[in-house]
Visitor: 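Got a structure here, written out as structure tokens. Questions coming.
Keep in mind that the numbers below use all heavy atoms, side chains included, and drop hydrogens, waters and symmetry copies. Whatever order the structure lists them in is the order used to number ligands and atoms, beginning at 1.
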Amino acid sequence: MQTDPWHNDLDHYLDIAQDLARQAGALIKDQWLTTKTVEIKTDMVDLVTNVDKAADALITEALHTRLPDHQVLAEESALSGPDSPYRWYIDPLDGTTNFAHTFPHFAVSVGLTYESQPIVGVVYDPIRNELFCARRGSGASLNGSPIRVSSTPSLDRSLLLTGFPYDRRQRSHFYLSFYQAFMLRTQGIRRSGSAALDLCYTACGRADGFWEWRLYPWDSAAGALIVEEAGGRMSDFGGQTFELTGDQLLASNGKIHQALIEVLQHVLSTSSERSGA
Ligand code: IPD
Ligand code: CA
Ligand code: CA
């Protein structure tokens with residue numbers, strides 16, 4: 001039987017991902033109550049701090065030293081390393097707005113893909129000391145214990161998560177039309193400010209589903225694998241294959257997935273505004 005080329009190295013890659021997520025998490029936790037340098041990338045709502053950059057450099061440099069044949073795409077640096085089927089997607093600090101305001105909900109996200117297929121995912125919340133991990137084909141865990149998605153059977157019993165993209169000031173009506181539709185059909189919606197943790201919370205059953213427009217691959221590479229390995233489902237808003245570079249992310253416990261798609265499609269078909277994708 002032919003095995004995937006990454007198969008024998010998966011434990012090694014997972015160890016590296018965990019180690020670097022913890023190291024970056026320690027750096028972030030150390031700094032979160034200190035005064036940070038906050039820069040605005042776009043439109044007053046897209047922020048970056050000196051700590052995002054320091055965590056980015058820590059992970060990127062360590063990956064190049066430990067795996068010089070691999071490519072790395074980290075949010076705060078350019079694509080680096082040689083051409084390779086292996087690419088790491090790094091969000092050194094997911095939840096920067098929370099972090100900048102000392103709101104204690106943010107994470108480090110470290111994902112590895114082989115030919116665009118996620119094979120390792122690690123998300124670390126340094127405040128709660130929660131480490132979410134997945135290896136392709138081996139399930140997902142939280143601090144070493146296996147996790148599963150919820151068994152919530154229907155939308156009217158569900159708790160959902162969402163986030164709003166950086167063009168939200170220009171397109172607030174459009175994004176809020178989805179929020180309103182789910183507000184009328186669920187037990188609640190939370191906007192946590194960290195997409196990586198939204199995926200992990202869906203994976204471990206703290207929420208039943210998560211939708212968001214226009215995330216980047218570094219937001220979702222690790223978390224998407226964690227959802228799937230925890231028994232959940234990932235797709236776009238029409239139920240098609242979820243692509244890391246696509247502009248629609250839908251995650252759920254599987255049981256409510258079709259109902260989520262129906263609401264999303266209904267809003268899309270009745271919205272006067274186009275997706276702009
Ligand atoms: C953001 C967070 C947020 C989501 C945004 C992301 P950042 O990432 O994940 O929850 O709504 O779309 O860009 O900028 O804090 O790394
Ligand atoms: Ca992010
Ligand atoms: Ca970030």
Side-chain angles (χ1 to χ4, degrees), residues 20-21 24-25 27-29 31-32 36-60 72-78 88-111 121-127 132 160-172 174-176 178-179 182 189-203 206-207 209-224 226-227 237 242 244-251 275-277:
L20 297 181
L27 180 153
I28 291 166
K29 191 179 176 196
Q31 306 273 331
W32 83 288
K36 303 122 194 162
T37 314
V38 182
E39 286 168 45
I40 293 159
K41 294 204 267 192
T42 45
D43 216 9
M44 289 309 289
V45 291
D46 186 3
L47 312 181
V48 61
T49 74
N50 56 312
V51 182
D52 295 65
K53 291 179 185 175
D56 192 294
L58 182 157
I59 297 174
T60 306
V72 180
L73 182 59
E75 183 178 10
E76 310 307 339
S77 23
W88 293 81
Y89 287 102
I90 309 300
D91 194 333
L93 206 177
D94 184 57
T96 298
T97 306
N98 287 344
F99 177 74
H101 289 267
T102 69
F103 187 92
H105 191 80
F106 39 81
V108 182
S109 178
V110 178
V122 170
V123 174
Y124 181 54
D125 170 349
I127 298 297
F132 296 88
L160 301 185
L161 302 167
T162 194
F164 299 103
Y166 287 121
D167 61 350
R168 57 184 175 264
R169 291 191 176 188
Q170 290 75 42
R171 314 187 67 226
S172 59
F174 180 65
Y175 296 130
L176 285 171
F178 297 91
Y179 193 99
F182 285 123
I189 306 171
R190 303 289 177 262
R191 196 285 195 239
S192 85
S194 165
L197 287 176
D198 291 340
L199 286 162
C200 293
Y201 280 29
T202 304
R206 292 176 185 168
F210 166 48
W211 86 95
E212 187 161 346
W213 286 95
R214 303 235 162 84
L215 286 167
Y216 291 94
W218 49 75
D219 297 309
S220 56
I226 294 169
V227 168
F237 293 169
F242 169 70
L244 286 179
T245 50
D247 71 349
Q248 300 175 349
L249 180 152
L250 179 61
S275 75

Visitor: For a 4.5 angstrom cut-off between non-hydrogen side-chain atoms, does Trp218 reach Glu76?
Guide: no
Visitor: Identify, for atom 3 (C) of ligand 1, the protein heavy atom at the shortest distance, and state residue, atom and that distance.
Guide: Gly193 O, 3.5 Å
Visitor: Using a cut-off of strictly less than 3.0 Å, determine whether Leu93 has an N/O/S atom near the Ca ion (ligand 3).
Guide: yes
Visitor: Below 4.0 angstrom from a heavy atom of Leu215, which ligand 1 atoms are there? Numbered from 1 as shown, please.
Guide: 12 (O)
Visitor: Quick check against the 3.5 Å criterion: does Asn98 have a side-chain atom that pairs as donor or acceptor with the backbone of His105?
Guide: yes
Visitor: With a 4.0 Å heavy-atom cut-off (strictly under), which part of Asp52 contacts ligand 1: side chain, backbone, both or neither?
Guide: neither
Visitor: Is the backbone N or O of Leu161 less than 3.5 Å from a side-chain atom of Asp198, with the two atoms forming a donor-acceptor pair by type?
Guide: no
Visitor: Give the ring-plane orientation class for Phe174 versus Trp213, where under 30° counts as parallel, over 60° as perpendicular and anything between as tilted.
Guide: tilted
Visitor: Which part of Arg214 is near ligand 1, with near meaning a heavy atom under 4.0 Å away: side chain, backbone, both or neither?
Guide: neither
Visitor: Consider every N or O of Ser194 and every N or O of ligand 1, then say whether any pair is closer than 3.5 Å.
Guide: yes
Visitor: What is the name of the N/O/S atom of Glu75 that is nearest to the Ca ion (ligand 3)?
Guide: OE1
Visitor: Return the CG to OG1 distance between Asp91 and Thr96, rounded to the nearest 0.5 Å.
Guide: 6.5 Å
Visitor: Is the shortest N/O to N/O distance between Gly95 and ligand 1 below 3.5 Å?
Guide: yes
Visitor: Which of the numbered atoms in ligand 1 are below 4.0 angstrom from a heavy atom of Asp219?
Guide: 8 (O)
Visitor: For ligand 1, which atoms have a heavy atom of Asp94 less than 4.0 angstrom away?
Guide: 1 (C), 2 (C), 7 (P), 8 (O), 9 (O), 15 (O), 16 (O)
Visitor: Identify, by atom number and element, the atoms of ligand 1 in contact range of Glu75, meaning under 4.0 Å from any of its heavy atoms.
Guide: 16 (O)
Visitor: What is the nearest protein non-hydrogen atom to atom 1 (C) of ligand 1, stated with its residue, atom name and distance?
Guide: Tyr166 OH, 3.6 Å
Visitor: Does any N or O atom in Leu93 lie less than 3.5 angstrom from one in ligand 1, N or O only?
Guide: yes
Visitor: Provide the atom name of the closest N, O or S atom of Asp219 relative to the Ca ion (ligand 2).
Guide: OD1
Visitor: Give the atom name of whichever N/O/S atom in Asp91 sits closest to the Ca ion (ligand 2).
Guide: OD2
Visitor: Heavy atoms only, cut-off 4.0 Å: how does Phe164 contact ligand 1, side chain, backbone, both, or neither?
Guide: backbone
Visitor: Decide yes or no for Leu249 and Asp219: does some side-chain heavy atom of the first lie under 4.5 Å from some side-chain heavy atom of the second?
Guide: no
Visitor: Taking the side chain from Gln31 and the backbone from Val51, do they hold a donor-acceptor pair closer than 3.5 Å?
Guide: no
Visitor: Can you find an N/O atom of Asp91 closer than 3.5 Å to an N/O atom of ligand 1?
Guide: yes
Visitor: Report yes if the side chains of Trp32 and Pro126 come closer than 4.5 Å at any heavy-atom pair, otherwise no.
Guide: no
Visitor: Which of the numbered atoms in ligand 1 are under 4.0 angstrom from any heavy atom belonging to Thr96?
Guide: 15 (O)
Visitor: Does a side-chain heavy-atom distance below 4.5 Å link Ile226 with Leu199?
Guide: no
Visitor: Decide yes or no for Glu39 and Lys53: does some side-chain heavy atom of the first lie under 4.5 Å from some side-chain heavy atom of the second?
Guide: yes
Visitor: Flag the pair Asp125 / Leu197 as yes when at least one side-chain heavy-atom distance between them is below 4.5 Å, and no otherwise.
Guide: yes
Visitor: With heavy atoms only and a cut-off of under 4.0 Å, state how Ala195 meets ligand 1: side chain, backbone, both or neither.
Guide: both
Visitor: Report the atom name of the nearest N/O/S atom of Asp94 relative to the Ca ion (ligand 2).
Guide: OD1
Visitor: Any side-chain heavy atom of Leu176 sitting closer than 4.5 Å to one from Phe164?
Guide: yes
Visitor: Has the side chain of Thr162 got a donor or acceptor atom that lies under 3.5 Å from a matching backbone atom of Trp211?
Guide: yes
Visitor: Counting non-hydrogen protein atoms only, what is the nearest one to atom 5 (C) of ligand 1? Give residue, atom name and distance.
Guide: Glu212 OE2, 3.5 Å
